[in-house]
Amino acid sequence: MEAAGEEAVAVPAEGLRAPAAFVASLQPEVAAAAAVLPERLQRREAERQQGVERQRQKKEAQVVKEEQSEFFVAAFAREREAVEALLAGAAGAEQLEEVAAQLQGLQKLLTESVRFLAPYEVRQGQETVARLQGALAAKRQQLQPKKKFAFRTLKKEAAPGSEQRPAEPVQAPAAAPAPGHGPAEGESGGPLLCGFGQAEGEELELGPAELLQRDVVLSELRGCRVRLRGNANTLRVRDCQGCTVLCGPVSTSVLVDGCSDCLLVLACQQLRTHRTRDSRFYVQVTSRAVIEDCTKVSFAPYSWSYPGMEKDFESSGLDRNRNNWNTVDDFDWLVRDKPSPNWSLIPEQERITCWD
């Protein structure tokens with residue numbers, strides 16, 4: 001009986017040793033699986049944490065952007081009201097200069113805030129500044145009637161032997177706008193201060209004395225070459241075809257509207273281009289250039305020079321070390337991860353460096 005009991009006890013003991021040996025043989029595989037599983041879980045957890053951090057940063061950036069936008073709107077409104085009040089009470093040249101200084105401050109605020117503003121906020125700000133610039137120009141003309149400038153065209157050289165007469169500024173009759181073409185954005189409804197209009201195949205030029213802090217308009221030119229040597233306040237280029245425009249520093253804004261096949265060399269604080277095609281721009285611009293309803297326009301850095309240009313830049317207040325020539329906002333292209341097909345950069349080997 002005792003022997004049988006011993007055998008009965010021995011059998012289970014032997015049976016327990018067999019599974020243990022089997023498990024022991026599987027230990028390397030189990031250990032490997034156990035090692036892989038935590039690593040995979042750790043990787044997933046790390047990815048999850050990264051995603052959470054990205055969302056947190058995105059949310060914080062959005063909050064900051066909204067706060068900056070709210071601050072800009074409030075500050076811009078205060079500055080705008082101050083300019084409007086000064087403009088309404090201006091009764092002389094000294095007050096107008098104060099208005100101009102305040103308006104430049106308003107433009108600077110907008111320029112420095114573009115990076116965090118929505119496109120519609122940028123557009124509203126630009127339209128406000130342009131409207132005030134037009135009002136300032138009209139007020140200047142109202143208070144200084146003896147300094148009016150009108151369109152003029154430079155006559156071509158007379159043939160040998162013919163009588164030569166000095167070119168004189170002539171008053172241009174107000175032309176009715178073409179169907180579908182009203183006043184350009186930012187342009188005052190009053191008479192133009194200086195510029196050229198309705199010329200074809202002409203060499204046209206204005207100098208420093210004629211341009212100094214004036215508002216300039218080039219309108220309906222065909223195949224003309226225009227040189228503006230000096231410091232203008234604003235420049236409007238409207239409905240021009242096949243023209244070359246070489247312009248010195250403009251203190252505030254340049255608007256190019258409805259042009260085609262043109263070559264424009266411009267230095268300014270703000271550049272806006274509307275309804276323009278097949279044109280090349282060489283620019284020195286301190287804010288981001290804006291295009292709208294444009295096709296096949298290209299950009300390169302400003303490269304024109306003339307005697308006295310440095311003095312004109314000092315007068316304009318433009319920062320020569322700040323040039324956003326290759327940063328363009330296309331209001332018709334809102335896809336952020338793909339470049340706009342409406343504008344491009346002029347290849348370096350194709351850029352013009354000699355203009356005269």
So, do [X] and [Y] sit near enough that their side-chain heavy atoms are less than 4.5 Å apart?
| X | Y | result |
| --- | --- | --- |
| Leu221 | Glu202 | no |
| Arg275 | Asp239 | yes |
| Lys296 | Ser344 | no |
| Val226 | Leu228 | yes |
| Asp257 | Arg236 | no |

The residue among Leu264, Leu211, Val256, Val216 that forms side-chain contact (heavy atoms from CB on, under 4.5 Å) with Leu235 is Val216

Residues at least two apart in sequence or cross-chain that pass ring-ring contact (aromatic ring centres under 6.0 Å, His included) with Phe313, listed by chain then number, are none

Can you sort out the partners of [X] under side chain to side chain donor-acceptor pair (under 3.5 Å), two or more places apart, ordered by chain and number?
| X | result |
| --- | --- |
| Ser315 | Asn231 |
| Thr252 | Gln133 |
| Asn233 | Asp215 |
| Gln124 | none |

Quick note, salt bridge (charged side-chain N to carboxylate O under 4.0 Å, His left out) partners involving residues 223-235, not counting sequence neighbours, are Glu203-Arg227, Glu205-Arg229, Arg227-Asp356

What distance separates [X] [atom1] from [Y] [atom2], expressed to the nearest 0.5 Å?
| X | Y | atom1 | atom2 | answer |
| --- | --- | --- | --- | --- |
| Asp278 | Cys259 | CG | SG | 12.0 Å |
| Ser279 | Leu263 | OG | CG | 8.5 Å |
| Arg288 | Asp329 | CZ | CG | 4.0 Å |
| Thr276 | Asn342 | OG1 | CG | 12.0 Å |
| Leu218 | Cys194 | CG | SG | 9.0 Å |
| Phe76 | Leu109 | CZ | CG | 7.0 Å |

Below 30° counts as parallel, above 60° as perpendicular, anything between as tilted: where do the rings of Phe299 and Trp343 land?
perpendicular

Between Val83 and Leu132, the two heavy atoms sitting closest are CG1-CD1, 4.0 Å

Between Gly223 and Cys243 the two heavy atoms that sit nearest each other are N-SG, 3.6 Å

Q | Derivation of the salt bridge (Lys or Arg N to Asp or Glu O under 4.0 Å) call for Glu84 and Arg80 | A | CA-CA 6 Å; Glu84 290 173 340; Arg80 185 204 69 226; 3.7 Å; yes

Quick one: list whatever passes salt bridge (Lys or Arg N to Asp or Glu O under 4.0 Å) with [X], sequence neighbours left out.
| X | result |
| --- | --- |
| Glu53 | Arg56 |
| Arg280 | none |
| Arg43 | none |

Residues passing the side-chain contact (heavy atoms from CB on, under 4.5 Å) test with Asn323, sequence neighbours excluded, are Gln284, Val285, Pro301, Trp325

Residues passing the side-chain contact (heavy atoms from CB on, under 4.5 Å) test with Gln241, sequence neighbours excluded, are Arg222, Ser260

Do [X] side-chain atoms and [Y] backbone N/O form a donor-acceptor pair below 3.5 Å?
| X | Y | answer |
| --- | --- | --- |
| Thr273 | Ile291 | no |
| Arg238 | Ser219 | no |
| Ser316 | Glu314 | no |

Exercise for review: Decide side chain to side chain contact (heavy atoms under 4.5 Å, CB included) for Arg277 and Asp261; before the verdict, give the C-alpha distance in whole Å, the side-chain angles of both, and the deciding distance to 0.1 Å.
Suggested key: CA-CA 7 Å; Arg277 60 179 177 82; Asp261 301 305; 4.2 Å; yes

Residue pairs meeting side-chain hydrogen bond (donor to acceptor under 3.5 Å, both in side chains), one or both in residues 302-311, sequence neighbours left out, come to Ser303-Trp355, Tyr306-Asp312, Glu310-Arg320

